[in-house]
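In what follows, every heavy atom counts, from backbone to side chain, and hydrogens, waters and symmetry copies are set aside. What you see is a predicted model; the values in this text were computed from it and never measured.
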Amino acid sequence: MANIPDKPTLDGIEERWVAQWDSDGTYRFDTSVPRDGVFSIDTPPPTVSGSLHMGHVFSYTHTDTIARYQRMRGKAVFYPMGWDDNGLPTERRVQNYYGVRCDPSQHYTEGFEPPFRGDPPKNHHAIPISRPNFLELCDELVELDEQVFEGLLKRLGLSVDWNHQYATIDERSRRASQRAFLRNIARGEAYSQEAPTLWDVDFRTAVAQAEMEDRERPGAYHKIPFARTDGDGTVDIDTTRPELLAACVALVAHPDDERYQSLFGTTVTVPLYGQQVEVRAHELAQPDKGTGIAMICTFGDTTDVTWWRELNLPMRAIVGRDGRFHADAPDGVDADAYAHIAGLSSKQAQKVVVDQLTAAGLLIGEPRPIQHPVKFYERGDRPLEIVTSRQWYIRNGGRDADLRAALVARGGEVTWHPGHMQHRYDNWVEGLNGDWLVSRQRFFGVPIPIWYPLDEQGEPRYDEPILPDESELPIDPSSDTPAGYVDDQRDQPGGFTGDPDVFDTWATSSLTPQIAGGWEEDGDLFERVFPMDMRPQGHDIIRTWLFATMTRSHHEFGCAPWSHAALSGWILDPDRKKMSKSKGNVVTPVDLFESYGTDAVRYWAASGRPGVDTAFSEDQMKVGRKLANKLLNVTKFVLQFGAPTDDRSLDDAVTDPIDRSMLAKLDGVIADATAAFEAFDYARALERTEAFFWWFCDNYVELVKGRTYDEQRPERANSAKRALREALSAVQRLFAPILPFASEEAWSWWNDSSVHLAPWPAPSSDASTPFGDPALADVTIEVLTQVRRAKTEAKRSQRSVVEVLVVTAPLAMHVAIHAGRDDLVDAGSIRNLEIVDGETVTTRVTLADDD
RNA sequence: GGGCGCGUAGCUCAGUUGGUUAGAGCGCUACCAUGACACGGUAGAGGUCCCGGGUUCGAGUCCCGUCGUGCCCACCA
């Protein structure tokens with residue numbers, strides 16, 4: 001305390017304060033505080049297999065400002081950190097880092113040493129290793145990555161309580177994930193089903209609706225004639241997927257379509273393959289598309305699935321899980337014709353079929369190229385196929401209007417920041433067309449905790465799954481044995497088999513409030529933090545993370561998992577395009593922390609309003625650095641006068657109307673900043689505080705500086721000193737959530753404990769009896785500005801002396817000018833001041849000659 | 001096709017129930033070493049608030065429409 005450096009500097013303060021906060025436990029969550037004194041945050045777990053990028057810096061800063069504000073308001077802030085290490089990105093990173101690949105057929109090797117730790121040579125062939133060995137390497141690498149991330153996030157100044165950490169693949173998460181799922185099953189909210197499923201043929205896994213995206217791809221309409229069975233000519237259809245003719249099970253047209261009325265119920269013959277299919281009517285058929293009549297295949301797209309299901313059509317599946325056409329022809333299909341496409345990929349098959357059609361004269365005209373949206377897995381490179389497979393689902397309203405309505409209503413229980421983001425949630429939930437597919441055919445993930453009995457033929461009895469007891473969790477059904485069986489019975493007729501699949505990563509990350517809050521593990525903690533106060537996240541994952549979390553909480557607890565959802569925007573390149581990964585990595589966050597200081601980078605982040613896409617701007621960081629620097633310097637200035645010795649109240653000690661005016665203005669700023677933070681609008685709070693701060697430094701401080709130095713009149717000097725310290729204290733605390741390092745540094749020069757544990761500033765007066773007139777000082781400042789202008793225009797120093805200043809002002813303002821008269825004379829170096837009556841505030845400045 | 005944003009100074013953006021002369025920062029220009037700060041300070045130039053209607057005494061702000069732009073969703077024959 002009272003340890004003011006001669007030359008304040010921002011350099012090195014991050015390292016110093018991070019260490020101090022760590023050792024002081026400044027951000028430790030007080031586990032004894034009851035729920036209503038807690039502010040809990042459902043922190044997004046970053047994917048640790050990537051690198052920290054500007055998007056993290058941006059959105060984590062936003063959350064941190066709210067956390068710090070709430071802490072200063074006296075809340076016990078539960079601010080945990082999670083690591084998302086569950087899923088494909090980790091799987092890939094482990095492969096690339098160690099030069100291995102997971103091969104479930106391999107046996108576990110005790111003490112396995114990977115061939116490389118980092119950067120295997122390009123020509124290295126990945127070594128196949130067992131699933132347990134692979135998972136061990138995952139754990140090892142994830143641990144390393146997490147340490148790096150923790151260091152970076154501390155450097156960013158996050159006020160996380162590092163005692164509360166979890167990883168989405170750790171034992172606690174696996175247990176929570178399996179437990180929640182078993183309860184979903186018990187209540188009928190989860191079920192397995194053999195059904196057509198969107199399938200990525202490269203990843204060999206099923207894909208959920210939330211993970212799909214449309215991409216515009218070139219295609220072509222092929223017009224193909226189907227011979228009417230009654231011999232009365234042909235029915236021409238348009239298709240972009242002629243290779244699926246063998247999978248055709250019906251034709252369909254709209255029930256009201258005049259052209260096809262007479263055809264409904266009749267049959268036609270599929271060209272090349274000869275199967276007879278019926279012409280059916282369905283509302284989804286669009287008369288204006290193609291010829292208005294379409295072929296239904298099993299399956300070309302999701303509409304086919306709907307038609308197939310609703311019209312009770314037969315199945316002629318031809319595409320396998322590897323993306324290749326089955327070896328054998330489906331029922332009713334000419335085997336010789338089918339042999340031409342057996343074993344081919346869709347793309348190869350299309351070429352063959354088109355050639356055959358052309359040769360047979362069955363292609364009407366040329367194919368007409370079009371651009372059309374095609375469904376892809378968001379990580380995939382080839383269009384999704386639809387294959388039939390057994391999968392697990394969790395009900396999410398996609399097939400149940402009541403549940404859907406209930407989930408939309410849950411969305412209404414959450415306050416959205418910004419509010420319009422709720423539309424995206426509603427939009428998504430209302431557009432669901434199926435339940436949530438949670439099983440994935442991957443290795444690294446939380447295993448689905450299910451076994452199946454095998455019948456005498458060795459076939460699983462899926463309708464009688466064997467479930468573990470909750471007390472056994474987490475389990476891995478591929479290595480653990482269910483109660484009542486011995487391990488020798490695994491995969492034997494009459495024995496059992498483990499479900500080979502793992503959960504979708506969202507099935508686990510949808511439980512972050514439960515995992516972080518200690519659900520069923522630490523009941524005392526859980527009661528204090530759940531439902532949580534805040535879910536911060538990107539708006540791009542409303543349909544996945546946010547909705548999934550809502551769904552799980554709805555099923556398990558019958559409530560929304562949080563009361564506020566804060567959606568952050570994107571980082572854009574300076575040219576307003578979405579910032580690409582490659583560009584974002586050119587300048588790393590750490591480089592920026594070192595160039596401008598962390599506070600400066602946070603200043604840039606906090607100037608991006610909630611939910612608004614924000615341009616990356618080093619210029620803004622420069623401004624932030626300037627601001628942080630100014631905060632240190634003005635603190636030094638104010639504190640150099642020493643602590644006032646009188647013990648009078650602020651109201652008694654601050655006697656000068658200019659000082660009281662400043663404090664009244666400050667009260668307004670505190671009220672605005674508080675209201676803004678209450679509405680999660682850190683950007684507005686910053687803006688208000690910053691505007692006041694520059695006004696304070698440039699005008700108020702300059703105006704009262706002379707008086708503060710004036711030892712001849714201690715009463716007047718004391719008023720200024722008290723007002724300066726009062727304002728400084730408030731400003732440091734107002735900035736603390738945004739600029740935690742500079743605020744702490746400046747605060748530490750005259751306080752013993754952390755600014756981050758100091759109470760959020762309160763107005764020094766209430767609205768009914770204001771401290772003063774906030775506008776009063778501005779009259780004097782306006783006159784001072786005009787004097788400065790005169791000096792600038794005369795190209796003279798601001799210190800040059802004004803021989804005579806004549807101020808013209810309306811009579812009503814004379815009181816204000818008289819109030820600031822002495823300060824004005826001092827700040828403007830004015831020898832003679834006259835005040836006369838007039839319409840507006842104008843000045844006539846007569847400068848003294850240079851000496 | 002449905003939904004949601006955004007369009008204010010060269011740039012990035014404020015502008016909270018409609019209320020005098022539309023603001024800030026950056027950038028630009030000129031000037032100043034003044035006792036907290038040269039990682040400083042002072043001032044200046046710069047705007048048909050996308051366009052067109054309407055409501056109103058009064059519209060950047062409210063209503064209708066057009067245009068531009070971005071995102072989300074959608075059954076893709």
Side-chain angles (χ1 to χ4, degrees), chain A residues 4 7-11 214-217 219 221-222 237-241 244 251-252 283-286 289-297 300-307 370 372-375 383 418 420-428 430-431 433 539-540 542-543 569-570 572 574 576-578 596-597 600 607-609 611-615 617 619-620 622-623 625-640 672 675-676 679 681 683-684 687-688 690-691 694 697-698 701-702 705-706 709 785 788-800 827 829 840:
Chain A
I4 309 165
K7 192 78 180 161
T9 178
L10 297 168
D11 296 332
D214 284 352
R215 296 185 199 160
E216 283 290 329
R217 283 291 179 277
Y221 276 130
H222 300 75
I237 61 104
D238 270 318
T239 180
T240 55
R241 300 199 62 182
L244 295 181
L251 298 191
V252 66
E283 309 275 336
L284 283 182
Q286 293 179 25
K289 223 161 201 176
T291 58
I293 186 162
M295 70 169 180
I296 301 174
C297 306
D301 62 43
T302 53
T303 316
D304 281 343
V305 178
T306 305
W307 281 326
I370 53 161
H372 64 156
V374 178
K375 292 220 179 294
H420 65 79
M421 289 296 177
Q422 189 180 351
H423 294 294
R424 297 206 181 174
Y425 174 85
D426 292 348
N427 215 318
W428 173 254
E430 282 159 7
N433 54 30
H539 59 64
D540 53 324
I542 288 174
R543 67 177 181 171
W570 297 107
L572 306 175
R576 308 295 298 159
K577 294 279 190 289
K578 187 184 167 190
Y596 303 106
S607 61
R609 304 195 94 80
V612 176
D613 296 347
T614 301
S617 167
D619 283 344
Q620 275 294 98
K622 288 176 187 163
V623 176
R625 182 170 181 84
K626 212 174 120 174
L627 175 66
N629 200 47
K630 193 78 171 180
L631 184 61
L632 296 188
N633 281 301
V634 78
T635 298
K636 184 187 170 198
F637 171 75
V638 172
L639 295 184
Q640 72 177 350
D672 284 353
D681 192 346
R684 175 184 293 271
E687 187 204 348
R688 292 303 148 100
E690 189 188 9
W694 286 114
C697 292
D698 295 345
V701 168
E702 291 301 325
K705 188 185 270 182
Y709 278 113
T785 300
R788 286 166 170 168
R789 183 180 302 136
K791 290 179 180 178
T792 299
E793 282 170 359
K795 305 202 169 182
R796 297 278 291 272
S797 159
Q798 288 299 322
R799 204 173 50 168
S800 55
S829 307
T840 56

(request) Determine the contact category for A:R688: base if any of its heavy atoms lies under 4.0 Å from a base atom, sugar-phosphate if only primed atoms, P, OP1 or OP2 are that close, otherwise nothing. (result) base
(request) Working to the nearest 0.5 Å, report the span between OG1 of A:T239 and CD1 of A:I296. (result) 12.0 Å
(message) I need the residues from residues 626-633 of chain A with at least one non-hydrogen atom less than 4.0 Å from RNA chain B; give them sorted by number, or say none.
(response) A:K626, A:N629, A:K630, A:N633
(message) Can you tell me which nucleotide in B:C39, B:C26, B:G41 comes closest to the side chain of A:R625?
(response) B:C39
(message) Measure CG/A:L572 against C1'/B:C13 and give the value in whole Å, please.
(response) 13 Å
(message) Under 3.5 Å, is there a donor on one side chain and an acceptor on the other for A:T792 and A:Q798?
(response) yes
(request) Give the rounded distance in Å between these two atoms: CZ of A:R789 and C1' of B:A45. (result) 13 Å
(request) Please state the P separation for the pair B:G52 and B:U61 - nearest whole angstrom. (result) 13 Å
(message) Looking at B:A43, I'd like to know if its phosphate oxygens (OP1 or OP2) sit under 4.0 Å from a side-chain N or O belonging to A:R788.
(response) yes
(message) Can you measure A:E430 atom CD to B:G1 atom P for me and round it to whole angstrom units?
(response) 21 Å
(message) Over all strands shown, is A:V612 touching base, sugar-phosphate only, or nothing at heavy-atom distances under 4.0 angstrom?
(response) nothing
(request) Compute whether any side-chain donor of one residue and acceptor of the other, for A:R217 and A:H372, lie under 3.5 angstrom apart. (result) no
(request) Mind checking the CG-CZ spacing from A:D540 to A:R424? Nearest 0.5 Å is all I need. (result) 9.0 Å
(message) What I want to find out is whether A:E702 reaches A:K705 closely enough, with some N-O distance under 4.0 Å, to be called a salt bridge.
(response) yes
(message) If I take atom CD from residue A:Q640 and atom CD1 from residue A:I4, how far apart are they, to the nearest 0.5 angstrom?
(response) 8.0 Å
(message) Return the NZ to CZ distance between A:K791 and A:R799, rounded to the nearest 0.5 Å.
(response) 10.5 Å
(message) Roughly how many Å apart are B:C4 and B:U21, using the P atom of each and rounding to a whole number?
(response) 35 Å
(request) Using the P atom on both, measure B:C76 against B:U69 and round to a whole Å. (result) 24 Å
(message) Distance check, rounded to the nearest 0.5 Å: A:C697 atom SG versus A:L631 atom CG?
(response) 8.0 Å
(message) I want to check a possible cation-pi pair here: A:K289 against A:Y221, using under 6.0 Å from ring centre and within 45° of the ring axis as the test.
(response) no
(request) Round to a whole Å and report the spacing from CG of A:D613 to P of B:G70. (result) 12 Å
(message) Would you measure the distance from the C1' atom in B:G53 across to the matching atom in B:G10 and give it in whole Å?
(response) 31 Å
(request) Determine the Euclidean distance between corresponding C1' atoms of B:G23 and B:C49; express it in Å to zero decimal places. (result) 12 Å
(request) Working to the nearest 0.5 Å, report the span between NZ of A:K7 and NZ of A:K636. (result) 7.5 Å
(message) In this structure, how many angstroms lie between the C1' atom of B:G5 and the CZ atom of A:R609, rounded?
(response) 15 Å
(message) In whole Å, I'd like the distance from the NZ atom of A:K636 to the C1' atom of B:C39.
(response) 14 Å
(message) Checking A:L627 against A:K622 for the side-chain contact (heavy atoms from CB on, under 4.5 Å) test, could you report, in this order, the C-alpha distance in whole Å, the side-chain angles of both residues, the deciding distance, and whether it holds?
(response) CA-CA 9 Å; A:L627 175 66; A:K622 288 176 187 163; over 6 Å; no
(message) Starting the side chain at C-beta, find the nucleotide from B:G41, B:C39, B:C37 nearest to A:D698.
(response) B:G41
Can you tabulate the close N/O pairs, meaning under 3.5 Å, that link protein atoms to atoms of nucleotides 32-35 of chain B?
from: B:U34; atom 1: OP1; to: A:R799; atom 2: NH2; distance (Å): 2.6
from: B:G35; atom 1: O2'; to: A:Y709; atom 2: OH; distance (Å): 3.1

(message) What is the distance, to the nearest angstrom, from the CD1 atom on A:I542 to the C1' atom on B:G5?
(response) 12 Å
(message) Would you measure the distance from the P atom in B:G15 across to the matching atom in B:G47 and give it in whole Å?
(response) 23 Å
(request) Tell me which of A:H420 and A:K791 sits closer to the 5' end of RNA chain B, going by the nucleotide each one is nearest to. (result) A:H420
(request) Please give the nucleotide sitting opposite B:A77 as a Watson-Crick or G-U wobble pair, both distances under 3.5 Å, or none. (result) none
(message) With a 4.0 Å cut-off on N to O distance, would you call A:K375 and A:D301 a salt bridge?
(response) no
(request) Take atom P in B:G27 and the same atom in B:C63, then report the distance between them in whole Å. (result) 38 Å
(request) Grab the NZ-C1' distance between A:K622 and B:A38 for me, whole Å please. (result) 16 Å
(message) What contact category does A:S607 fall into here, base, sugar-phosphate, or nothing, at under 4.0 angstrom with non-hydrogen atoms?
(response) nothing
(message) Could you identify the nucleotide paired to B:C6, looking across every strand shown and requiring Watson-Crick or G-U wobble geometry with both distances under 3.5 Å?
(response) B:G68
(request) Sticking with atom C1', work out how far B:C64 lies from B:C11, rounded to a whole angstrom. (result) 33 Å
Under 3.5 Å, which protein N or O atoms sit close to an N or O of nucleotides 72-77 of chain B? Give each pair with its distance.
from: B:C73; atom 1: OP1; to: A:R543; atom 2: NE; distance (Å): 3.2
from: B:C73; atom 1: OP1; to: A:R543; atom 2: NH1; distance (Å): 2.7
from: B:A74; atom 1: OP1; to: A:Q209; atom 2: NE2; distance (Å): 3.1
from: B:C75; atom 1: OP1; to: A:N433; atom 2: ND2; distance (Å): 3.3
from: B:C75; atom 1: OP2; to: A:K375; atom 2: NZ; distance (Å): 3.4
from: B:C75; atom 1: O4'; to: A:T303; atom 2: OG1; distance (Å): 3.4
from: B:C75; atom 1: O2'; to: A:T303; atom 2: OG1; distance (Å): 2.9
from: B:C76; atom 1: OP2; to: A:K289; atom 2: NZ; distance (Å): 3.2
from: B:C76; atom 1: O5'; to: A:K289; atom 2: NZ; distance (Å): 2.9
from: B:C76; atom 1: O2'; to: A:H372; atom 2: ND1; distance (Å): 3.2
from: B:C76; atom 1: O2; to: A:P373; atom 2: O; distance (Å): 2.3
from: B:A77; atom 1: OP1; to: A:H372; atom 2: ND1; distance (Å): 2.9
from: B:A77; atom 1: O3'; to: A:D238; atom 2: O; distance (Å): 2.7
from: B:A77; atom 1: O3'; to: A:T239; atom 2: N; distance (Å): 3.1
from: B:A77; atom 1: O3'; to: A:T240; atom 2: N; distance (Å): 3.1
from: B:A77; atom 1: O2'; to: A:D238; atom 2: O; distance (Å): 2.2
from: B:A77; atom 1: N6; to: A:Q286; atom 2: N; distance (Å): 2.7
from: B:A77; atom 1: N6; to: A:Q286; atom 2: O; distance (Å): 3.0
from: B:A77; atom 1: N1; to: A:Q286; atom 2: N; distance (Å): 3.1

(message) I'd like to know if A:D11 and A:R625 make a salt bridge, using a cut-off of under 4.0 Å between side-chain N and carboxylate O.
(response) yes
